Amino acid sequence: MIWWVIAAICAFFVKGLCGFANTLVFTTILSFGNNNINISPVELILGYPSNAILAFKERRSIKWSVCIPLAILVIVGSIPGVLFLKNSDTTIIKIIFGLVIICIGIEMVLREMQAKKMKQSKVVLGIIGFLAGLLCGLYGIGALLGAYMNRVTDDSHSFKANICVVFLVENSFRVIMYSVLGIITFQTIKQVIVLIPLMLLGLALGMLSSKILDEKWVKKIVTIMLIISGLALVINSVV
């Protein structure tokens with residue numbers, strides 16, 4: 001249980017600080033000893049109120065023209081992702097998850113190196129939205145959305161507001177899907193109840209720290225840690 005406590009505090013500290021990457025941190029910490037089908041529903045329910053809190057706090061920066069198309073594409077992608085989570089081999093899931101972490105980490109590094117944000121085409125938006133939905137349905141990962149949202153928003157307030165609105169829509173859909181498929185269980189609810197205070201603590205610390213720390217510096221640290229964790233997870237699953 002200690003690793004669940006550590007995962008909750010660390011993951012939602014990052015959520016409060018950056019607006020995303022909580023799922024990557026949470027699942028990376030727990031994947032070495034737990035299956036994704038047991039991790040994802042707990043993180044999903046824990047993350048729901050955190051998205052609502054951040055979206056409400058930054059509500060003046062919401063751009064509906066950005067949120068709505070992405071939210072629709074994410075839902076479409078979530079359907080095959082959820083079904084794969086329910087019916088696939090857990091070893092394969094862990095290997096894929098590790099590779100996904102590495103790819104997302106590299107993509108985030110490359111985006112940070114760009115001098116200016118690039119305007120994205122509707123085709124790129126569609127591809128990113130669908131793949132993000134697939135990853136959300138399978139692992140709850142929203143970092144691919146973060147990579148895109150970083151390009152189309154002007155500051156951290158706008159980034160957090162819009163990505164959290166998309167997460168709220170996706171979370172609502174996935175809660176229904178997980179419930180229908182029996183992925184959310186009574187044990188899931190019990191774990192969430194225990195971890196909610198820790199989630200709120202981590203989120204509050206992250207939100208307070210965002211006013212003091214350099215977000216870009218923190219994102220780089222998180223990205224490097226995720227890439228290393230992804231490599232370790234793949235190697236551990238193969239060996």
Side-chain angles (χ1 to χ4, degrees), residues 11-26 43-78 81 104 107-108 111-112 114 116-137 140-177 196 199-200 202-216 218-219 222:
F12 289 96
F13 173 83
V14 172
K15 177 71 171 181
L17 187 65
C18 305
F20 76 112
N22 51 296
T23 304
L24 281 172
V25 175
F26 191 85
E43 201 284 330
L44 168 62
I45 300 175
L46 276 180
Y48 200 96
S50 70
N51 286 312
I53 291 169
L54 287 174
F56 180 78
K57 181 176 180 294
E58 307 292 353
R59 60 191 179 280
R60 295 181 180 179
S61 299
I62 294 174
K63 296 180 180 179
W64 296 109
S65 60
V66 172
C67 297
I68 294 176
L70 273 174
I72 293 173
L73 288 167
V74 165
I75 288 176
V76 172
S78 290
I104 290 176
E107 198 276 345
M108 289 168 64
R111 293 302 170 203
E112 287 295 323
Q114 290 184 347
K116 60 181 181 179
K117 293 184 174 68
M118 297 175 61
K119 184 177 180 180
Q120 297 302 311
S121 68
K122 292 182 178 180
V123 174
V124 173
L125 170 64
I127 294 173
I128 291 178
F130 179 79
L131 290 178
L134 186 63
L135 295 178
C136 283
I141 298 174
L144 195 57
L145 283 177
Y148 173 80
M149 200 66 74
N150 189 51
R151 304 177 187 178
V152 298
T153 52
D154 300 324
D155 52 47
S156 63
H157 299 288
S158 181
F159 178 91
K160 291 179 181 179
N162 289 284
I163 198 169
C164 286
V165 168
V166 176
F167 284 151
L168 273 175
V169 174
E170 184 275 334
N171 286 174
S172 299
F173 177 79
R174 196 149 49 95
V175 164
I176 296 173
M177 287 286 289
I196 280 180
M199 177 276 289
L200 293 173
L203 186 69
L205 291 174
M207 291 171 67
L208 290 172
S209 298
S210 67
K211 300 177 181 179
I212 303 171
L213 301 177
D214 185 344
E215 287 187 32
K216 291 184 178 180
V218 175
K219 283 182 182 179
V222 171

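This one's a predicted model, so the numbers in the text were calculated from it and none came from an experiment.
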When the side chains of residues 60-73 are checked against the rest of the protein, which donor-acceptor pairs come out under 3.5 Å, sequence neighbours left out?
none

From I53 atom CD1 to L168 atom CG, the distance as rounded to the nearest 0.5 Å: 10.5 Å
OG on S50 to CE on M207, rounded to 0.5 Å: 10.0 Å
Smallest separation among heavy atoms of K15 and L203, with atom names: CG-CD1, 3.9 Å
Any L46 side-chain heavy atom under 4.5 Å of E43 side chain: no
Inter-residue atom distance I196.CD1 - F12.CZ, 0.5 Å rounding: 10.0 Å
Inter-residue atom distance L44.CG - S172.OG, 0.5 Å rounding: 9.0 Å
Validation row: V74, V169 side chains within 4.5 angstrom (heavy atoms): no
Heavy-atom pair with the smallest gap, counting every atom of S209 and L17: C-CD1, 3.8 Å
Near-ring test F159/F20, centroid separation under 6.0 angstrom: yes
L208: partners by side chain to side chain contact (heavy atoms under 4.5 Å, CB included), with sequence neighbours left out: none
Single hit among V25, N22, T23 for side-chain contact (heavy atoms from CB on, under 4.5 Å) with V14: V25
Student check: side-chain heavy atoms of P49 and M199 closer than 4.5 Å: yes
Straight-line distance of F167 CZ to E170 CD, nearest 0.5 Å: 7.5 Å
Value rounded to 0.5 Å, distance of SG in C164 from NZ in K57: 10.5 Å
